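Bear in mind the structure is a predicted one, so any value in this text is a computation, not a measurement.
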Amino acid sequence: MMKKLVSIGLVGLLTCTMLTACSNSQNNTSSSSAEKTTTVKKSSKITANNLTTKKQTAITIAYAGEKYPDIWKKTFKQAQNNPVTVKLHNRKDFSYMQNGSDVAYEIATVDGDKYFYYTKNDPTIFFYHKNKEIGSSDIKMMIKYLNNHNDGSKVNKIIKNIKVVDERKTASKD
């Protein structure tokens, strides 16, 4: 009789131990999955792929906001939650813009920020403020910098807020 009781006790103990182990294993698996999902959601990396005018402008605003905070930070913050208009102009219409291709990009936010421009000469972006060039950077270096500072989600917010208006004049056909 005593052997039966000991056997039943051991079987019961083993069963409880196995159930506890299985339960912990399932909890570890689900928490591990949740951690992976959370990590993916937090990571919003930007790339140079599909570099549209909107994406290029959002990268430019974010980078300039971080690198030139005294000049561009307000525009960077405004652009994340408010409409941004990017007007395309002929660069030759701005005598102080000596660098870049034929297009000058003017950035305007809803609160009337003015005098923010950039030009590009692939892969370099040139930053301007109030008729003065304030710096330049390679677009891939800008993206790397923004990713290192976890600004990808901010760039994506800005992209959604941008409207592009082409104000370039075409040559007359007289």
Side-chain angles (χ1 to χ4, degrees), residues 31 33-171:
S31 69
S33 296
E35 288 171 13
K36 288 178 185 175
T37 302
T38 303
T39 302
V40 170
K41 287 179 183 176
K42 287 181 182 176
S43 175
S44 184
K45 300 287 184 190
I46 50 176
T47 67
N49 298 341
N50 303 319
L51 200 57
T52 63
T53 298
K54 286 183 175 187
K55 186 175 182 180
Q56 171 185 280
T57 300
I59 290 167
T60 301
I61 291 170
Y63 180 81
E66 296 284 3
K67 292 299 272 190
Y68 309 105
D70 293 344
I71 300 170
W72 283 74
K73 191 68 161 186
K74 181 180 174 190
T75 300
F76 177 34
K77 287 185 176 194
Q78 283 284 322
Q80 292 173 54
N81 298 307
N82 297 291
V84 177
T85 302
V86 180
K87 297 178 183 176
L88 281 53
H89 301 280
N90 293 313
R91 184 182 59 84
K92 66 182 178 184
D93 293 341
F94 301 91
S95 61
Y96 62 92
M97 291 184 185
Q98 300 301 312
N99 294 307
S101 64
D102 293 337
V103 182
Y105 302 83
E106 176 186 4
I107 299 167
T109 59
V110 291
D111 73 348
D113 279 352
K114 293 183 179 180
Y115 313 112
F116 294 98
Y117 293 88
Y118 74 94
T119 59
K120 70 175 185 171
N121 189 6
D122 282 335
T124 305
I125 302 287
F126 300 91
F127 308 97
Y128 297 89
H129 183 249
K130 294 188 177 178
N131 304 337
K132 181 180 173 189
E133 184 177 321
I134 58 171
S136 63
S137 184
D138 178 281
I139 189 77
K140 288 184 180 178
M141 294 303 293
M142 293 165 61
I143 291 169
K144 183 177 179 180
Y145 177 88
L146 293 169
N147 284 333
N148 287 341
H149 288 81
N150 298 316
D151 284 335
S153 61
K154 294 174 185 174
V155 169
N156 289 328
K157 280 184 182 180
I158 295 170
I159 290 170
K160 292 176 185 174
N161 293 333
I162 291 177
K163 176 184 174 188
V164 179
V165 178
D166 192 342
E167 293 191 348
R168 292 176 287 181
K169 298 176 182 122
T170 56

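- Rounding to the nearest 0.5 Å places CE of Met142 at 12.0 Å from CG of Asn147.
- Screening Phe126, Trp72, Tyr128 for a side chain to side chain contact (heavy atoms under 4.5 Å, CB included) involving Ile134 leaves a single residue, Trp72.
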**Asked** Would Asn82 and Thr109 satisfy side chain to side chain contact (heavy atoms under 4.5 Å, CB included), going step by step from the backbone distance to the final call?
**Response** CA-CA 7 Å; Asn82 297 291; Thr109 59; 5.9 Å; no

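- Relative orientation of the Tyr145 and Tyr63 rings is perpendicular, given thresholds of 30° and 60° on the angle between their planes.
- Side chain of Lys55 to main chain of Thr47: a donor-acceptor pair is present (N/O by atom type, distance under 3.5 Å, no hydrogens or angles).
- Judged by distance alone, the side chain of Asn161 and the main-chain N or O of Val84 form no donor-acceptor pair under 3.5 Å.
- Of all the heavy atoms in Gly65 and Phe76, the pair that sits closest is CA-CB, 3.8 Å.
- Lys54 is linked by a salt bridge (Lys or Arg N to Asp or Glu O under 4.0 Å) to nothing, counting only residues two or more places apart in sequence or in another chain.
- Residues Tyr118 and Thr53 share a closest heavy-atom pair of OH-O, 4.1 Å.
- Atom CZ of Phe127 sits about 11.0 Å away from atom CD1 of Ile71, to the nearest 0.5 Å.
- The salt bridge (Lys or Arg N to Asp or Glu O under 4.0 Å) check on Lys73 picks up Glu66, with sequence neighbours excluded.
- Ala58 approaches Ile159 most closely through the heavy-atom pair CB-CG1, 3.5 Å.
- Between atom CG of residue Leu146 and atom CD1 of residue Ile61 there is a gap of 11.5 Å, rounded to the nearest 0.5 Å.
- Atoms CG and CD1, on Leu51 and Ile46 in that order, are 9.5 Å from each other to the nearest 0.5 Å.
- When atom types are taken as modelled, the side chain of Thr119 and the backbone of Asn99 share a donor-acceptor pair closer than 3.5 angstrom.
- Between the CG atom in Asn148 and the CD1 atom in Ile143 there is a gap of 12.0 Å [rounded to 0.5 Å].
- Distance CG/Asp102 to CG/Leu88: 11.5 Å, rounded to 0.5 Å.
- Side-chain contact between Tyr105 and Gln56 is present, with at least one heavy-atom pair separated by less than 4.5 Å.
- Ring planes of Tyr117 and His89: tilted class, angle from 30 to 60°.
- Side-chain atoms of Arg91 come within 3.5 Å of backbone N or O of Met97 as a donor-acceptor pair.
- One finds no salt bridge joining Lys140 and Asp138 here, because no Lys/Arg side-chain nitrogen approaches an Asp/Glu carboxylate oxygen to under 4.0 Å.
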